[in-house]
Amino acid sequence: MKCPYSGAATAEPLVIDPMVRDLDGETERLVAAGPVVPVDLLGVPAWSVTRHAVARDLLLDPRLVKDLNEWRLWREGVVTRDWPLITMIDAGRSMFTVDGADHRRLRTKTAQALTPRRIEAIREDIVAFTRELLDAMEEAGRDGSPVDMKAVFAQPLPMRVVCLLLDVPEGSQPWLADGYKRFFSMLTPHEERLEILETFDRWYLDLIRERKAHPGDDLLSALIHSEEGGEPLTEDEVLGNLKALVAAGHETTIDLITSATRALLNHPDQLELVRAGKVPWEAVVEETLRWDPANSHLLMRFPTEDLAVGGTVIPKGDGVVMSYRAINRDPEQHGADADRFDVTRRLPIRHMAFGHGPHICPGAALSRLEAAIALPALFERFPRMRPAVPDEEIRNLPVMTQNDLVAFPVFLA
Ligand code: HEM
């Protein structure tokens with residue numbers, strides 16, 4: 001890769017740590033640095049947006065697009081597929097990567113399938129999965145040893161739910177989950193990460209072709225037979241959407257359930273308010289989404305002309321990162337105590353954990369439903385649950401864009 005900084009007239013960039021050693025410290029530094037901050041992403045310069053109001057305006061601005069070909073460093077061949085984060089952006093054609101009318105065409109079927117009314121149909125399935133996984137936790141902790149609630153409970157649940165929606169065979173779920181885990185980790189060699197993607201592509205394509213031959217009443221069949229805007233989705237577009245749905249549909253909700261459990265166990269006074277019915281579980285879910293969101297940084301968007309925002313001009317063709325964790329800790333939006341976990345904040349909490357504008361998360365209602373079922377059931381089944389290690393020992397996985405814990409061990413009694 002050529003030096004991406006040659007010719008760049010930016011101030012000293014804030015380096016985003018690929019090992020995610022101090023997420024809170026990094027978030028604080030980003031917020032303190034200003035609304036739009038030059039950052040370094042594994043040697044590549046970009047701009048990080050850290051304020052709610054600026055992000056809201058930018059996410060509605062049609063001049064800020066997802067089209068990779070608008071990125072100057074990509075067009076000029078300075079950034080290539082050798083850059084380890086490229087897979088976050090160059091992820092194939094899907095609702096996640098296109099803009100405008102094409103984006104609506106690619107997204108409509110998914111959005112229709114994930115409305116609060118439609119997902120009510122799988123509530124009982126989520127309840128049943130939750131019960132089974134709580135049994136598995138009980139079994140794992142029967143001898144009094146610590147149980148990793150993330151691995152045993154939070155991790156399998158969202159994968160089972162998204163696979164149920166798409167009718168992805170149950171037996172393939174552990175293999176998929178393991179592949180994604182290795183793919184997202186910065187410790188996995190880049191070549192291996194690209195191989196994982198290729199293996200997934202082949203596997204997903206087989207699944208699409210099989211479903212084409214035997215359609216069912218599932219979201220994948222709906223995508224295959226979508227005729228939005230009078231034009232069916234191409235096989236590549238179905239593939240892109242399928243990949244976006246599985247990846248976005250499981251990782252993030254794992255983080256939500258794990259983070260909410262951790263936050264409550266570390267704030268027993270607030271847990272008590274919830275147990276006493278003085279604060280609804282909805283408040284726990286919303287405050288967790290704000291304070292400890294799944295997506296720390298969302299890569300990447302590109303201005304099609306110079307954009308004057310937050311006292312800075314972002315030049316046409318530069319990379320722009322939505323730093324959702326920093327945005328959610330913006331004191332101008334959430335008050336001087338934005339850094340504090342507080343389930344008594346007034347609802348609705350206007351956070352940006354699900355993004356904003358045309359690309360706002362279509363799975364928001366589903367993940368809220370999963371968390372609203374999983375969390376009360378977990379705390380009811382194990383009323384004496386407590387952390388098994390001091391919180392300072394809890395580590396993040398080296399997943400630069402995500403708030404993903406290595407493990408969260410708890411004692412059940
Ligand atoms: C988009 C967060 C759960 C599917 C997004 C975006 C965010 C987000 C921030 C916007 C990205 C951007 O700035 O462009 C979350 C969080 C979740 C969650 C925090 C759970 C706690 C889900 C679930 C699904 C899903 C359960 C599917 C079943 C998607 C898809 C997109 C997306 C397909 C791309 C939408 C588009 O670009 O039009 N999500 N998500 N997400 N999410 Fe989620």
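Read the numbers this way: they start at 1 and go in the same order the structure lists the ligands and their atoms. Here the structure is a predicted model, which means the values were calculated and not measured.
Summary of contacts: the protein heavy atom closest to atom 33 (C) of ligand 1 is Met95 CE, 3.7 Å. Considering only non-hydrogen protein atoms, atom 9 (C) of ligand 1 sits nearest to Ala353 O, 3.2 Å. For atom 34 (C) of ligand 1, the closest non-hydrogen atom of the protein is Phe96 CD1, 3.7 Å. Nearest protein heavy-atom contact of atom 11 (C) of ligand 1 is Leu298 CG, 3.7 Å. Scanning the protein for heavy atoms near atom 2 (C) of ligand 1, the closest one is Asn295 OD1, 3.1 Å.
Considering backbone and side-chain N/O of His103, one or more are found under 3.5 Å from N/O of ligand 1.
Residue pairs meeting the side-chain hydrogen bond (donor to acceptor under 3.5 Å, both in side chains) criterion with at least one partner in residues 264-275, sequence neighbours excluded, are Asn266-Asp391. Identified under the side-chain hydrogen bond (donor to acceptor under 3.5 Å, both in side chains) test for residues 119-134, with sequence neighbours left out: Glu120-Arg123, Glu132-Arg160.
Listed here is the closest heavy atom pair of Ile208 and Ile224: O-CD1, 3.6 Å. Between Val406 and Asp148, the closest heavy-atom pair is O-OD2, 4.4 Å.
Two rings, from Phe200 and Trp175, have their centers less than 6.0 Å apart.
Remark: Arg368 pairs with Glu286 by the side-chain hydrogen bond (donor to acceptor under 3.5 Å, both in side chains) rule, at least two apart or across chains.
Any protein N/O/S atom under 2.8 Å from atom 43 (Fe) of ligand 1 was counted, giving 1 altogether.
Among Asp292, Asp24, Thr50, the single residue meeting the side chain to side chain donor-acceptor pair (under 3.5 Å) criterion with Arg329 is Asp24.
The pair Glu305-Lys316 does not meet the salt-bridge criterion, since no charged nitrogen lies less than 4.0 angstrom from a carboxylate oxygen. A salt bridge between Arg202 and Asp206 is absent, with no side-chain N of the basic residue lying under 4.0 Å from a carboxylate O of the acidic one.
Counting heavy atoms under 4.0 Å from ligand 1, residue His250 does not touch it at all. Of all the heavy atoms of Arg301, the ones lying under 4.0 Å from any atom of ligand 1 belong exclusively to the side chain.
Remark: Lys243 is not positioned above the aromatic ring of Tyr204, lacking an NZ or CZ atom under 6.0 angstrom from the ring centre and at most 45 degrees off the axis.
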